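In each ligand, atom 1 is the first atom listed, and ligand 1 is the first ligand listed. Positions are given from 1 along the sequence. Note that this is a predicted model, so its numbers are computed, not measured.
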Amino acid sequence: MPATLFILNGPNLNRLGTREPDTYGRTTLADIEAQCRATGARHGFDIVFRQSNSEGTLVDWIQEAGDVARGLILNPAAYTHTSVALHDAIRTAGIATVEVHLSNVFAREAFRHHSYVSPVALGVICGFGAKGYDLAIEALAHKIGA
Ligand code: CA2
């Protein structure tokens with residue numbers, strides 16, 4: 001049975017491709033989902049791809065990933081910089097996690113330079129737009145296999 005990767009996306013990412021194209025590009029979240037499914041299939045992964053604007057829902061899904069998935073790719077969006085709850089959920093789930101950001105958060109405002117997620121992630125990919133999700137799938141394939 002193929003291993004499952006959860007790919008979870010935080011608040012406002014449902015708006016991708018419709019606003020702020022200079023920062024986030026013109027790719028929609030549906031485009032990213034299709035790209036992840038294709039890349040995941042090449043690496044032998046089943047992909048569960050979701051987005052929520054709610055911190056609690058993301059916590060629920062991280063817990064679910066800990067129960068059923070081999071790895072987690074998470075773009076926590078603004079909760080990156082605020083959420084002890086996401087930090088605790090990933091730590092408790094004990095799941096191999098890659099943090100992804102479309103933009104280079106370190107080239108932006110100072111409040112984006114700190115992440116509550118990074119200390120409980122295997123690694124962080126930022127600044128490469130939608131390609132970062134492919135890189136995260138490859139990183140998990142390398143680290144944990146399919
Ligand atoms: O670069 C990223 O992927 C971020 O996680 C995106 C978050 C931001 O708070 C993080 O600092 C970095 C914001 C997501 C907002 O998404 C939008 C999409 C389209 C239009 C407006 C916002």
Side-chain angles (χ1 to χ4, degrees), residues 3-43 45-66 68-144:
T4 299
L5 292 187
F6 269 44
I7 303 180
L8 302 180
N9 298 278
N12 297 307
L13 288 166
N14 53 315
R15 297 294 202 185
L16 273 184
T18 63
R19 291 177 175 79
E20 299 186 45
D22 292 348
T23 306
Y24 298 116
R26 295 201 181 274
T27 308
T28 66
L29 198 61
D31 295 332
I32 294 176
E33 176 175 357
Q35 172 194 307
C36 287
R37 290 193 185 285
T39 303
R42 275 201 298 282
H43 288 280
F45 289 121
D46 266 348
I47 300 294
V48 172
F49 190 99
R50 298 178 186 164
Q51 185 276 333
S52 178
N53 294 325
S54 156
E55 187 175 16
T57 300
L58 291 164
V59 168
D60 289 342
W61 289 346
I62 291 166
Q63 290 179 358
E64 183 185 344
V68 304
R70 181 79 69 82
L72 169 65
I73 293 167
L74 177 62
N75 183 344
Y79 293 140
T80 308
H81 318 297
T82 63
S83 181
V84 177
L86 292 187
H87 172 109
D88 287 348
I90 295 164
R91 182 187 288 276
T92 304
I95 188 168
T97 300
V98 178
E99 177 183 345
V100 170
H101 299 285
L102 296 158
S103 63
N104 178 356
V105 287
F106 299 103
R108 301 183 64 191
E109 304 95 321
F111 69 82
R112 296 186 202 276
H113 298 177
H114 177 264
S115 167
Y116 283 95
V117 170
S118 300
V120 286
L122 286 177
V124 183
I125 296 167
C126 76
F128 297 103
K131 179 70 184 169
Y133 287 75
D134 280 346
L135 298 174
I137 292 169
E138 284 179 32
L140 282 175
H142 174 72
K143 275 278 187 187
I144 61 174

Go through ligand 1 atom by atom and flag the ones less than 4.0 Å from a non-hydrogen atom of [X].
| X | answer |
| --- | --- |
| Ala78 | 9 (O) |
| Leu13 | 14 (C), 16 (O) |
| His81 | 10 (C), 11 (O) |

I'd like to know whether [atom1] of [X] has more than 12 heavy-atom contacts from other residues, nucleotides or ligands below 6.0 angstrom.
| X | atom1 | value |
| --- | --- | --- |
| Phe128 | CZ | no |
| Arg50 | CZ | yes |
| Arg91 | CZ | no |

Exercise for the section: Consider only side-chain N and O atoms of Thr80 and Glu99, and report whether a donor and an acceptor are under 3.5 Å apart. Expected result: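 Per modelled atom types, Thr80 and Glu99 side chains form no pair under 3.5 Å.
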Between [Y] and [X], is there a side-chain heavy-atom distance shorter than 4.5 Å?
| X | Y | answer |
| --- | --- | --- |
| His101 | Pro76 | yes |
| Leu140 | Leu122 | yes |
| Leu13 | Ile32 | no |
| Val98 | Val124 | no |

Tell me the protein heavy atom at minimum distance from [atom], and give that distance in Å.
| atom | answer |
| --- | --- |
| atom 13 (C) of ligand 1 | Tyr24 OH, 3.3 Å |
| atom 1 (O) of ligand 1 | Ser103 OG, 2.6 Å |
| atom 16 (O) of ligand 1 | Asn12 O, 3.5 Å |
| atom 8 (C) of ligand 1 | Arg112 NH1, 3.2 Å |
| atom 3 (O) of ligand 1 | Leu102 N, 2.7 Å |

For ligand 1, find out whether one of its N or O atoms is nearer than 3.5 Å to an N or O atom of [X].
| X | answer |
| --- | --- |
| Gly17 | no |
| Glu20 | no |
| His101 | yes |
| Thr80 | no |

Exercise for the section: Give a yes or no answer on whether the side chain of Asp31 reaches the backbone of Thr28 with a donor-acceptor pair at less than 3.5 Å. Expected result: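 The answer is yes, because a donor-acceptor pair under 3.5 Å joins these two groups.
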Proximity of [X] to ligand 1 by residue part, where a heavy atom lies under 4.0 Å:
| X | value |
| --- | --- |
| Val105 | side chain |
| Asn75 | side chain |
| Arg19 | both |

Problem - Asn75 vs Tyr133, side chain to side chain contact (heavy atoms under 4.5 Å, CB included): CA-CA, chis, key distance, verdict - result: CA-CA 9 Å; Asn75 183 344; Tyr133 287 75; 3.4 Å; yes
